[in-house]
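Note on naming: letters A, B, ... go to the chains in the order of the sequence lines (proteins, then strands), and numbering restarts at 1 for each one.
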Amino acid sequence: MTDLLHQARLSRGQFLRVMGGLAAATLATACSTRPETTATTGGAAATELKFIGVADQKTPMDELAAAYQKAKPTVRLTTSYAPTDQVQTSLRTQLGAGNAPDLHVVYPGNGSAMSMTQIAQAGLLADLSAQSWTQTIPTGFKPAFQLDGKTYLYSAGSSVIGAVYNKKVFERAGIDAPPTTWTEFLAVCDKLKKAGVVPIALGAQTPWVTQLITYALVPSTVYAKDPAFDDKQLAGQATFAGSGWRQAMEMYLELQKRGYFNDKPNGTTFEQQTSMVATGKAGMAVQVSAVLPDFRKAAASPDDLSMFPVPGADDANSVWIPAGVVVGLGAGAKGKNAEEAKAFIDFLGRQENINAWAKAIAAIPLTQDASSSIDPAVQSFLPFTKDRAVPFMDQRWPNAEVQPVHFAVVQELLGGDSTIDEALKKMDEAYRK
Amino acid sequence: MTSLTAFRSRPARAARRRGSAVTPPWLFAAPALVVYAIVVLYPAVSGVVYAFTDWSGIGADGSFVGLANFATLFGDEQAMGSIGNTLLLTLAIVVVQNGIGLLLALGVNVKLRSRALLRVIFFAPVVVSPVMVAFLWKYIYNPDPSAGLNGLLGLHVDWLGDPSVALWSIAGMVVWQNAGYSMVIFLAGLEGVPRELHEAAMIDGAGTWQRFRYVTWPLLAPALTINLMLSTIGGLKLFDQVFAATNGGPGYATETLSTVLYKQAFVFGKYGYSTAIALVLALFVAAVSLVQIYYTRRREVTA
């Protein structure tokens with residue numbers, strides 16, 4: 001019995017072997033996520049430009065960086081990518097410390113810590129106004145690109161928020177055409193529910209997903225009635241609580257009350273949401289068109305998926321849609337390679353390159369010519385883009401706090417922990433900060 | 001690697017540490033202390049200044065605002081709510097992690113053929129990155145009744161999505177990861193219990209429980225001190241797992257002081273205010289740990 005109490009130490013060989021194995025595995029993972037370097041053609045590179053971007057930019061940026069390499073062999077582009085949250089942290093710290101990369105991701109408009117307005121105000125972005133492509137930015141998009149009349153952001157176009165739906169599931173439920181009014185939308189959801197599938201997959205555990213349904217509805221409930229709402233709100237003449245935002249929130253919760261969401265949306269992630277629609281467990285998901293490639297990757301056949309605008313009004317003519325400028329990039333104002341960095345942006349501004357970037361992320365090109373191609377899934381949004389579209393709401397918000405508050409109050413509402421009054425009050429408070 | 005060293009500590013060495021026979025020269029610690037001072041102490045102390053400014057993180061250093069940031073903190077509903085969450089989370093982690101750690105240590109301290117393997121298995125989660133653990137557990141915590149933990153237990157719980165459950169779900173995965181660490185420290189403590197004492201107790205007719213209560217438990221006090229302190233500090237400054245699993249949500253249900261200070265700095269661009277929160281957190285952790293060490297040390301005895 002006493003022997004039981006005093007025993008040998010842990011088999012150290014075994015312990016170390018396991019530790020070694022784990023260390024090797026960690027190392028292998030670390031290596032595979034190392035920043036990628038574009039191929040170089042030898043020692044000819046005279047200038048090295050560094051770019052830090054978000055993961056969504058990898059496909060188009062790698063393609064265009066390689067093209068630039070061919071066009072201008074003396075400049076070498078080193079690119080690295082990280083998820084949005086990490087970029088917010090690390091890049092802002094680098095900007096603060098004064099060692100920013102030559103080129104980096106910039107979010108359009110205002111409203112986030114890495115947005116054009118916030119960084120340009122600190123004097124850290126190079127003025128691109130002299131480049132010819134900036135002359136053709138559509139008027140409605142100018143607030144996203146410009147501060148005080150000067151252009152600081154490059155972006156290849158816009159994406160829309162709408163319902164990504166599984167065509168096969170819709171067919172099986174006997175739905176022949178996408179809905180064009182709110183009543184029709186509810187009827188479609190009802191048919192899907194009766195057919196035994198989840199009508200709308202909602203991954204509200206992933207914070208940014210929470211905002212998409214409100215964003216899809218607010219253009220119809222707020223901006224269709226009052227296109228100058230943003231300006232009035234900035235001037236203190238309008239509030240969330242006293243506007244169509246209330247109606248949009250009511251519609252959001254109505255969908256939940258009728259049981260049109262998957263069970264427990266607050267515990268469901270974006271990835272689970274994607275897979276539900278792609279595999280036909282759910283009929284649709286309200287999402288931004290930029291993530292269409294993710295849905296297509298998860299589906300058995302990419303052609304099963306398409307999109308339609310979420311009709312936020314009962315009159316088809318007063319349905320408006322959210323169309324926001326996609327995440328873009330800017331050049332550091334102070335780097336020693338600032339001129340080379342601007343030259344690269346000028347290259348990105350050529351029509352064929354705008355087309356290539358937009359195509360890679362299923363976006364609508366900023367400016368279009370005969371060779372522009374528009375993803376068939378977003379065709380149904382084109383009739384709206386001219387005069388019934390508004391930028392994503394946060395791009396005009398005056399600070400970076402409103403958006404996270406919106407995420408949190410939606411989660412609270414879905415969890416039954418709050419009321420619409422409280423939610424809108426919190427958003428108004430954050431807006432005024 | 002401290003765990004490995006602790007693992008091998010012998011009664012003799014433990015006794016000597018508390019006696020004053022040999023005091024190792026400070027010179028040995030100097031290289032490590034210099035690196036620590038340059039990499040940790042200096043930046044931390046030099047950052048304190050920002051707690052009294054409204055610096056935005058980019059551009060100029062901001063202007064001096066005195067104690068305004070601290071005044072904001074005590075009126076900030078969200079930051080105050082996060083203190084409650086932090087304390088609850090810490091309490092749950094300290095109690096459950098050390099309880100399970102102790103049971104595991106006692107369990108693998110008996111003569112079993114698979115003992116060494118079990119020790120490795122229980123310790124293995126400790127060496128995995130906390131963020132990876134959180135991502136894995138997000139799959140385990142899938143709310144779908146046929147998937148993950150729900151499928152296994154036949155439950156239908158919204159682990160991370162229900163505001164009243166989410167905090168405990170996070171505590172659960174932290175305990176899963178760190179119980180092995182507590183186990184290792186308790187095992188080292190168990191090795192320090194002299195066999196003779198148990199033999200003497202057995203001769204006196206003490207049963208298993210009595211030998212644990214009157215021989216093992218008092219002698220485990222130093223291990224308990226270390227475990228309580230490490231888990232308290234770990235709990236109070238918990239960030240990675242919360243950030244990766246819920247990012248403070250749903251709503252604000254799992255917001256801790258660390259996630260609040262992260263958001264103030266990196267999401268809202270209020271570096272000055274964030275530094276003030278960080279300063280308060282650091283002082284708070286220091287105060288709690290010192291009080292705790294003072295009380296737990298008093299009940300330590302030597303064999």
Asks: Need one label for A/Q403: side chain, backbone, both or neither, based on atoms under 4.5 Å from any heavy atom in chain B.
Replies: neither
Asks: Side chain, backbone, both or neither: which part of A/V405 has an atom under 4.5 Å from a heavy atom of chain B?
Replies: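 Both parts, backbone and side chain.
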Asks: Relative to chain B, which of A/D417, A/T206, A/N266 shows the most heavy atom pairs under 4.5 Å?
Replies: A/N266
Asks: Pick one of side chain, backbone, both or neither for A/T268, based on which atoms fall under 4.5 Å of a heavy atom in chain B.
Replies: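 Both parts, backbone and side chain.
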Asks: Select, from B/M132, B/K270, B/K263, the one with the greatest count of heavy-atom pairs under 4.5 Å involving chain A.
Replies: B/K270
Asks: Side chain of A/Q205, backbone of B/A245: donor and acceptor closer than 3.5 Å?
Replies: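 Between the backbone of B/A245 and the side chain of A/Q205 there is a qualifying donor-acceptor contact (under 3.5 Å).
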Asks: What part of B/V215 is in contact with chain A, defined as an atom under 4.5 angstrom from a non-hydrogen atom: side chain, backbone, both or neither?
Replies: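 Neither part.
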Asks: Select, from B/Y252, B/Y262, B/F268, the one with the greatest count of heavy-atom pairs under 4.5 Å involving chain A.
Replies: B/F268
Asks: Quick check: closest heavy atoms across A/D263 and B/H156, and the distance to 0.1 Å?
Replies: OD2-NE2, 2.6 Å
Asks: Do you know which two heavy atoms are closest between B/P143 and A/G267, and how far apart they sit?
Replies: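 Scanning both residues completely, I find the closest heavy atoms to be CD-O, 3.1 Å.
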Asks: Locate the shortest heavy-atom distance separating A/E412 from B/G251; write the atom from each residue and the value.
Replies: CG-CA, 3.5 Å
Asks: What are the two closest heavy atoms between A/R92 and B/F266, and how far apart are they?
Replies: CD-O, 4.5 Å
Asks: Under the side-chain contact (heavy atoms from CB on, under 4.5 Å) test, which residues partner B/V126, sequence neighbours left out?
Replies: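 For B/V126 the side-chain contact (heavy atoms from CB on, under 4.5 Å) partners, ignoring immediate neighbours, are B/F123, B/Y181.
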Asks: CG/B/D144 to CE/A/M276 distance, rounded to the nearest 0.5 angstrom?
Replies: 7.5 Å
Asks: Given that the side chain runs from C-beta out, which part of A/T93 has a heavy atom under 4.5 Å from chain B: side chain, backbone, both or neither?
Replies: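 Both backbone and side chain of A/T93 come within 4.5 Å of chain B.
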Asks: Around atom OH of B/Y214, are there more than 12 heavy atoms from other residues, nucleotides or ligands closer than 6.0 Å?
Replies: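 It does not: B/Y214 OH has 12 such atoms or fewer within range.
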Asks: Name the member of B/V165, B/D158, B/D162 that forms the most heavy-atom pairs with chain A at distances under 4.5 Å.
Replies: B/D158
Asks: Tell me, for A/Q272 versus chain B, whether the close heavy atoms (under 4.5 Å) come from the side chain, the backbone, both or neither.
Replies: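 Side chain only.
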Asks: Against chain B, label A/N399 side chain, backbone, both or neither, depending on which of its atoms sit under 4.5 Å from a heavy atom there.
Replies: neither
Asks: I'd like to know if A/E271 pairs up with B/K138 as an ion pair, taking the criterion as any Lys NZ or Arg NE/NH1/NH2 lying under 4.0 Å from an Asp or Glu carboxylate oxygen.
Replies: no
Asks: For A/K426, which atoms come within 4.5 Å of any heavy atom of chain B: side chain, backbone, both, or neither?
Replies: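 When you check distances to chain B, only side chain atoms of A/K426 fall under 4.5 Å.
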